[in-house]
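Heads up: the structure comes next, in structure tokens.
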Amino acid sequence: FFFSSAVAAGRAQVQQEPSAETTEGTGISINCSHPNMQTRDTIHWYRQLPGRGPAFIALALKGTKDLQDPPGRLSVAADRRSSALWLSRPRRGDAAVYYCALGD
């Protein structure tokens, strides 16, 4: 099944891969590049399931954070120019559009 991501533009531009694909139960990494991140910015991740509005998943400033729903982790690179949402055991119901965004 497919995972899609969205590209957002603005003051703090982020870039994501257009899509990724995996099989049920096989871990997948969804990456986000944010080279213009400012000192106070935090990284926010959302997902939009089919027919639903975007729903908040997690936010981080640095390091790695374990996630419960969906199971996995959010990792921020040491230079904070990129982050990755790792879904450890994706199910068919996790197929969605995943967004990253920067906020302060």
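- In terms of heavy atoms, Ala60 sits closest to Leu74 at CB-CD2, 3.7 Å.
- In this structure, Leu102 CG and Ser83 OG are separated by 8.0 Å, a value rounded to the nearest 0.5 Å.
- Counting only residues at least two apart or on different chains, the ring-ring contact (aromatic ring centres under 6.0 Å, His included) pairs with a member in residues 48-77 are Tyr46-Phe56.
- Asp79 is linked by a salt bridge (Lys or Arg N to Asp or Glu O under 4.0 Å) to nothing, counting only residues two or more places apart in sequence or in another chain.
- Criterion: ILVMFWY side-chain heavy atoms under 4.5 Å apart, direct or through other members. Under it, Leu85 and Ile28 are part of a common hydrophobic cluster.
- Under the rule for a salt bridge (Lys or Arg N to Asp or Glu O under 4.0 Å), Arg80 has no partner lying at least two apart in sequence or in another chain.
- Proximity of Asn31 to Gln16: side-chain heavy atoms (C-beta onward) are nowhere separated by under 4.5 Å.
- Residues Pro71 and Arg91 come closest through the heavy atom pair CD-NH1, 4.3 Å.
- With sequence neighbours left out, Ser88 forms a side-chain hydrogen bond (donor to acceptor under 3.5 Å, both in side chains) with no residue at all.
- Between Leu67 and Ala58, the closest heavy-atom pair is CD2-CB, 3.5 Å.
- When every heavy atom of Val14 is checked against every heavy atom of Cys100, the shortest pair comes out as CG2-O, 3.6 Å.
- Taking both residues in full, the closest heavy atoms of Cys32 and Trp45 are given as CB-CZ2, 3.5 Å, listed atom of the first, atom of the second, then distance.
- Side-chain atoms of His34 never come within 3.5 Å of backbone atoms of Gln15 as a donor-acceptor pair (strictly under, hydrogens ignored).
- Looking at Arg47 and Asp94, a side-chain N of the basic residue comes within less than 4.0 Å of a carboxylate O on the acidic one, giving a salt bridge.
- At least one side-chain heavy atom of Ile57 sits under 4.5 Å from a side-chain heavy atom of Tyr98.
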message: Does Ile43 form a side chain to side chain contact (heavy atoms under 4.5 Å, CB included) with Leu59? I'd like the steps, not just the answer.
response: CA-CA 5 Å; Ile43 300 144; Leu59 69 82; over 6 Å; no

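- Here Ser75 pairs with Thr64, Arg73 under the side-chain contact (heavy atoms from CB on, under 4.5 Å) rule; sequence neighbours left out.
- When all heavy atoms of Pro35 and Arg81 are compared, the pair lying nearest together is O-NH1, 3.2 Å.
- The side-chain hydrogen bond (donor to acceptor under 3.5 Å, both in side chains) analysis of residues 50-62, with sequence neighbours excluded, yields no pairs.
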